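The block underneath contains the structure these notes are about, expressed in structure tokens.
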Amino acid sequence: MKILDGKKLSEEIKNEIAQEVAGIKDAGGKIPHLAAVLIGHNPASESYVRSKVRSCDQVGFESTLIRKDDSITEEELLEIIHELNTSEDVDGFIVQLPLPKHIDEVKVTLAIDPKKDVDGFHPVNFGRMAQGLPCYLPATPYGILQMIERYGIETSGKHVVVVGRSNIVGTPMSILLSRKAKTGNATVTLTHSRTKDLAAEVSRADIVIAAIGIPNFISADMIKEGAVIIDVGINRVEDETRKRGYRLVGDVDFDGVSEKASYVTPVPGGVGPMTVTSLLMNTLKSSRKEIYG
Ligand code: BQF
């Protein structure tokens, strides 16, 4: 079994981006600028946003973090989004999810200008993705595609089983891998909580994409010998031996599956870091006006 090392790969990609940024600086061009809006004090969200800001520093991007309390109204958040949409300096921005219950995530996502939607969550970008048009790909699927491509894993003609149908991972992943495109042309089965015999579906997969949010859900007995296992799960489980009091585990039983799979992504250090570099790639594309001119 080989490890799909997302940490290492993301460092390589960040080095490539840093070189591009150095070139832009030398030529006197505008430095790519990512902004992030963080509402409230969800510890996971705080840690994700921190890692995004740190990654911007690492590649030489400008970044702006806008932090607001849980008490912010939907109207006030929409006003911040309007300012970011019209800012001359900000190339792209994200609104960190989840949002407090009194704020409508759909309304917020629809308010983001698709040209600055570097998370790729706006329906315009989703629709363009589904039709194979230039768009910002959602960060996690984009990271997974990069990983598959750079490790030279064939997808054409393979059977992919995606577990989980979220708007930001499972559903776009199933569309991307079945497209007539590089790192596509797979036959995809999208499974979910109502799937009759999930183990039977997973056992037929050459490639499994696990994005369910249940710790160690995919076990060795479910998979085919030699399968490629992509673990998107990031679950916090209590662990008194760690200084934080918890550790991160994926949706895949890593130790068990390692005996049977050809490639496995670890958690942490697999898909997660690739998600963050994808956001940087999208911001670079925005600053170069690659998608929308
Ligand atoms: C790692 C995310 C669920 C809901 C909202 C590195 C990240 C995570 C893990 C990270 C995620 C998950 C992000 C690791 C961003 C990925 O070493 O394994 C980086 O920062 N992520 C997010 O912004 O919102 C989420 C998952």
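Each ligand, and each atom within it, is numbered from 1 in the order the structure gives. All of these numbers come straight from a predicted model, not from anything done at the bench. Position 1 is the first residue of the sequence; numbering continues from there.
- Using cut-offs of 30° and 60° on the angle between ring planes, the pair Tyr263 and Tyr151 is perpendicular.
- Residue, atom and distance of the protein heavy atom nearest to atom 14 (C) of ligand 1 are Gly272 CA, 3.6 Å.
- For the pair Val267 and ligand 1, no heavy-atom separation below 4.0 Å is found.
- Using modelled atom types, one side-chain atom of Asp231 and one backbone atom of Val252 make a donor-acceptor pair closer than 3.5 Å.
- For atom 18 (O) of ligand 1, the nearest non-hydrogen atom of the protein is Gly269 N, 2.9 Å.
- Within the structure, ligand 1 has Lys52 among the residues with a heavy atom less than 4.0 angstrom away.
- Remark: Gln19 CD is loosely packed, at most 12 non-hydrogen atoms of other residues, nucleotides or ligands lying under 6.0 Å away.
- Under a 4.0 Å N-O distance rule, the pair Glu154/Lys158 does not qualify as a salt bridge.
- Around NZ of Lys260, the count of heavy atoms belonging to other residues, nucleotides or ligands within 6.0 Å exceeds 12.
- Here the side chain of Thr140 pairs no donor or acceptor atom with the backbone of Val169 at under 3.5 angstrom.
- Annotation: Val276 places no N or O atom under 3.5 Å from an N or O atom of ligand 1; distance criterion only.
- Short contacts between ligand 1 and Gln96, defined as distances under 4.0 Å to a heavy atom of the residue, involve ligand atoms 22 (C), 23 (O), 24 (O).
- Side-chain atoms of Asp119 never come within 3.5 Å of backbone atoms of Ile94 as a donor-acceptor pair (strictly under, hydrogens ignored).
- At the top of the distance list for atom 25 (C) of ligand 1, counting protein heavy atoms only, stands Tyr48 CE1, 3.4 Å.
- Here Ile234 has side-chain heavy atoms under 4.0 Å from ligand 1, and that is the only part of it that gets that close.
- Between Thr275 and ligand 1, no pair of N/O atoms sits closer than 3.5 Å.
- The proximity of Ser51 to ligand 1, defined as any non-hydrogen pair under 4.0 Å, is limited to the side chain.
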